[in-house]
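Heavy atoms only: backbone and side chains are in, while hydrogens, waters and symmetry mates are out. Not measured: the values here are computed from a predicted model.
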Amino acid sequence: MDRRSFICGLGALGGTNLLLRSPGDAWAVAAPSPATFKLPPLPYAFNALEPHIDRRTMEIHHDKHHGAYVTNLNNALAKYPKLQGQSLATLLQSIPQLPQDIRTVVRNNGGGHFNHSMYWQIMSPQGGGQPTGKIGAAIASTFGSFTAFQQKFEAAGMARFGSGWVWLVKDRAGKLQITTTPNQDSPIMTGEKPILGNDLWEHAYYLNYQNRRADYLKAWWKVVNWAEIDRRFQSIG
């Protein structure tokens, strides 16, 4: 990862609430500053992923959608100062224990913030190709080949009805699994560790692909940042 990408990554979750870089914790989020979570900057220009993901989609997706998740999350937590010191991962893993009036808000908007902060990082203008390193070997071992993995991942993405995400995760047993979640739910809510995820909400692709989700799923491989995904995979053990 170059210096610019690393610096952008440090801002991914605002203040000190960063995606942890220590071994075993790449999926977790450190405690936020006492005040707010923040919208992370993109680690590349809005048009950098064209033609696969267009500039206008990236502008709306990042600034409007992700920005709204951060604003709504902060507004919900403002009523409960003691919760402002909790990590985002802790909040998402403790939804049933949160005050009832903010559970849904934190689930939807905290999940959206967590998911998107990862999403921007695992794409790159220099992305695409086949995975290498330990993640490449693990995918081949688990799914038979990268092609077989792609086919299963795309099929899972197509099978998810409505809005949601499709993921490659390490499950509680330490095995790689393809899974999906509805809306902005994150695998960390159920103790799984997300390694990569693709956004299936229509706002992620509709300007370019309209109702052709299958085309978007195939095109997305052209921008996948396998170096970052391999780093994440190795960090979680």
Same cluster (ILVMFWY, side-chain, under 4.5 Å), Tyr69 and Leu200: no
Inter-residue atom distance Glu228.CD - Met123.CE, 0.5 Å rounding: 12.0 Å
Shared hydrophobic cluster for Tyr80 and Leu92 (ILVMFWY, side-chain gaps under 4.5 Å): yes
Validation row: His61, Trp120 side chains within 4.5 angstrom (heavy atoms): yes
Val224 side chain reached by Ile122 side chain, heavy atoms, under 4.5 Å: no
Nearest-0.5 Å distance that lies between atom CD1 in Ile236 and atom CD1 in Ile195: 4.0 Å
Nearest-0.5 Å distance that lies between atom CZ in Arg212 and atom CG in Asn208: 8.0 Å
Rounded distance (nearest 0.5 Å) linking atom CD1 of Ile139 with atom CG of Leu168: 5.5 Å
Nearest-0.5 Å distance that lies between atom CD in Gln177 and atom NZ in Lys152: 10.0 Å
Thr142/Lys175 under side-chain contact (heavy atoms from CB on, under 4.5 Å): CA gap, chis, key distance, verdict: CA-CA 8 Å; Thr142 302; Lys175 297 180 179 179; over 6 Å; no
Nearest atoms (heavy-atom pairs only) where Leu49 meets Met58: CD1-CE, 4.0 Å
Step-by-step side-chain contact (heavy atoms from CB on, under 4.5 Å) determination, Leu196 to Phe233: CA-CA 9 Å; Leu196 67 88; Phe233 176 68; over 6 Å; no
Atom of Asn72, atom of Val105 and distance for their closest heavy-atom approach: O-CG1, 3.7 Å
Pair Tyr216-Asn198, side-chain donor/acceptor within less than 3.5 Å: yes
Gly157 versus Arg213, closest heavy-atom pair with distance: O-NH1, 2.8 Å
Check: Trp221 ring centroid to Phe149 ring centroid under 6.0 Å: yes
Heavy-atom side-chain proximity of Pro125 to Val223 below 4.5 angstrom: no
CD (Gln100) with more than 12 external heavy atoms under 6.0 Å: no
Lys82 atom NZ: more than 12 heavy-atom contacts under 6.0 Å: no
pair Phe37-Leu88: side-chain heavy atoms closer than 4.5 Å: yes
Short side-chain to backbone donor-acceptor contact, Gln130 and Phe146, under 3.5 Å: no
Residues clustered with Leu207, ILVMFWY side-chain links under 4.5 angstrom: Ile60
Shortest non-hydrogen contact between Pro99 and Leu83, atoms and distance: CD-CD1, 3.8 Å
Asp54 side chain to Thr57 side chain, donor-acceptor N/O pair below 3.5 angstrom: yes
Donor on one side chain, acceptor on other, His66 and His113, under 3.5 Å: yes
Side-chain H-bond candidate by donor/acceptor type, Gln184 with Trp165, under 3.5 Å: yes
From CG (Leu73) to CG (Leu91), nearest 0.5 Å: 7.0 Å
Test item: Pro43 and Gln121 side chains (from C-beta on) under 4.5 Å apart, heavy atoms: yes
Trp220 ring center near His52 ring center (under 6.0 Å): no
Trace of the side-chain contact (heavy atoms from CB on, under 4.5 Å) decision for Arg231 with Trp226: CA-CA 8 Å; Arg231 186 204 64 77; Trp226 287 113; over 6 Å; no
Side-chain donor-acceptor contact under 3.5 Å, Tyr44 with Asn225: no
Donor + acceptor pair across side chains of Thr181, Trp167 (<3.5 Å): yes
Audit row: Thr132, Asp230, side-chain contact (heavy atoms from CB on, under 4.5 Å) steps and yes/no: CA-CA 8 Å; Thr132 57; Asp230 186 51; 5.9 Å; no
Lys/Arg N to Asp/Glu carboxylate O, Glu154 vs Lys218, below 4.0 Å: yes
Under the side chain to side chain contact (heavy atoms under 4.5 Å, CB included) test, residues paired with Thr190 that sit two or more places apart: Glu192
salt_bridge(Asp185, Arg107) N-O dist < 4.0 Å: yes
Minimum side-chain heavy-atom gap His203-Ser163 below 4.5 Å: no
Heavy-atom side-chain contact between Met158 and Leu217 under 4.5 Å: yes
Distance-minimising heavy-atom pair for Asp199 and His116: OD2-NE2, 3.1 Å
Leu98 vs Ile95 side-chain heavy atoms within contact, under 4.5 Å: yes
Shortest non-hydrogen separation from Thr90 to Ser94 and the atoms involved: O-OG, 2.8 Å
Lys193/Asp171 salt bridge by N-O under 4.0 Å criterion: no
